[in-house]
Colleague: 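Got a structure here, written out as C-alpha cells. Questions coming.
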Amino acid sequence: MVKNPSKIHIIGSVGSGKTTLARTLSSRLNVPYIELDNVVWKRSKPEDIRRSDVERDKYLNDIISSDQWIVEGVHHTWVKPSFQNADVIIFLDTDYSKRTIRIIKSSFIKN
C-alpha cells in the first residue's frame with residue numbers, strides 16, 4: 001500500500017459503507033471526496049438531471065486530473081480511468097444482513 005495515498009477509489013455494494021468511509025478518510029487526510037452518483041447526476045430541484053456521457057466523462061476526468069481525490073461508488077466501464085489513476089482501491093465486503101439493515105434505515109431517514 002502507498003504510504004500516504006492521495007488518490008483513492010472505494011467500491012462495494014449498496015449499504016456497504018462507501019460514503020461513510022469516504023467522508024472519514026476525507027476528513028482525516030484532508031482530501032476531497034466525491035460520490036460517483038453526483039458525477040452521473042446534476043443535483044437540482046424538483047428532480048435530478050442526468051449528465052450526458054460527454055459531460056460525465058469530462059467531470060470524472062477533471063476530478064482524477066487533480067492531485068488528491070477520493071472517489072466512491074461502483075459504476076460501469078466509464079470509471080476505468082479512476083481505477084487506473086488510483087493509488088489505492090478499497091473494496092468493502094460488508095455482510096449482507098448489515099447492508100440490508102443500513103438500507104432500510106436510510107429509507108426511513110430520507111422520507
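Numbering starts at 1 and runs along the sequence shown. Just so we're clear, the structure is a prediction, and the values are computed from it rather than from any experiment.
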Colleague: Decide whether I63 and W78 are clustered together by the hydrophobic rule: side chain heavy atoms of Ile, Leu, Val, Met, Phe, Trp, Tyr closer than 4.5 Å, transitively.
Modeller: yes

Colleague: Given side chains that start at C-beta, do those of L36 and L60 come closer than 4.5 Å, heavy atoms only?
Modeller: yes

Colleague: Starting at OG of S13, measure out to CG of L92 and round the result to the nearest 0.5 Å.
Modeller: 9.5 Å

Colleague: Is there a continuous path of hydrophobic side-chain contacts, each under 4.5 Å between heavy atoms, that joins I70 to I90?
Modeller: yes

Colleague: Search all heavy atoms of P32 against all heavy atoms of S26 and return the closest pair with its distance.
Modeller: CA-OG, 4.0 Å

Colleague: Looking at residues at least two apart in the chain, or sitting in another chain, which of them share a side-chain contact (heavy atoms from CB on, under 4.5 Å) with F83?
Modeller: H9, I11, V79, I89

Colleague: Please list all pairs meeting side-chain hydrogen bond (donor to acceptor under 3.5 Å, both in side chains) that have one or both residues in residues 48-57, counting only residues at least two apart or in different chains.
Modeller: K42-E55, R43-D48, S52-E55, D53-R56

Colleague: Do V71 and I10 land in one hydrophobic cluster if side-chain heavy atoms of ILVMFWY residues count as linked below 4.5 Å?
Modeller: no

Colleague: The criterion is side chain to side chain donor-acceptor pair (under 3.5 Å); which residues satisfy it with N85, sequence neighbours excluded?
Modeller: none

Colleague: To the nearest 0.5 Å, how far apart are OG in S82 and NZ in K7?
Modeller: 10.5 Å

Colleague: Determine whether more than 12 heavy atoms belonging to other residues, nucleotides or ligands lie under 6.0 Å from atom CD of E47.
Modeller: no

Colleague: Mind jotting down which residue pairs meet the ring-ring contact (aromatic ring centres under 6.0 Å, His included) criterion with at least one end in residues 22-60? Sequence neighbours excluded, please.
Modeller: none

Colleague: Suppose clustering is done on Ile, Leu, Val, Met, Phe, Trp and Tyr with side-chain heavy atoms closer than 4.5 Å. Which residues sit in the same group as V54?
Modeller: none

Colleague: Do D67 and S6 come close enough that some side-chain heavy atom pair is under 4.5 Å?
Modeller: no

Colleague: Counting only N and O atoms by type, is there a donor-acceptor contact under 3.5 Å from the side chain of T24 to the main-chain atoms of T20?
Modeller: yes

Colleague: Residues in side chain to side chain donor-acceptor pair (under 3.5 Å) with T19, at least two apart?
Modeller: E72

Colleague: With sequence neighbours left out, what residues match L29 under side-chain contact (heavy atoms from CB on, under 4.5 Å)?
Modeller: I8, L25, V31

Colleague: Residues in side chain to side chain donor-acceptor pair (under 3.5 Å) with D62, at least two apart?
Modeller: K58

Colleague: Would I34 end up clustered with I64 when hydrophobic side chains under 4.5 Å apart are linked, directly or stepwise?
Modeller: yes

Colleague: Would you say V88 ends up clustered with W69 if hydrophobic residues are merged whenever their side chains have heavy atoms under 4.5 Å apart, either directly or through other cluster members?
Modeller: no

Colleague: Compare every heavy atom of P81 with every heavy atom of N61, then report the nearest pair and how far apart it is.
Modeller: OD1-CB, 4.2 Å

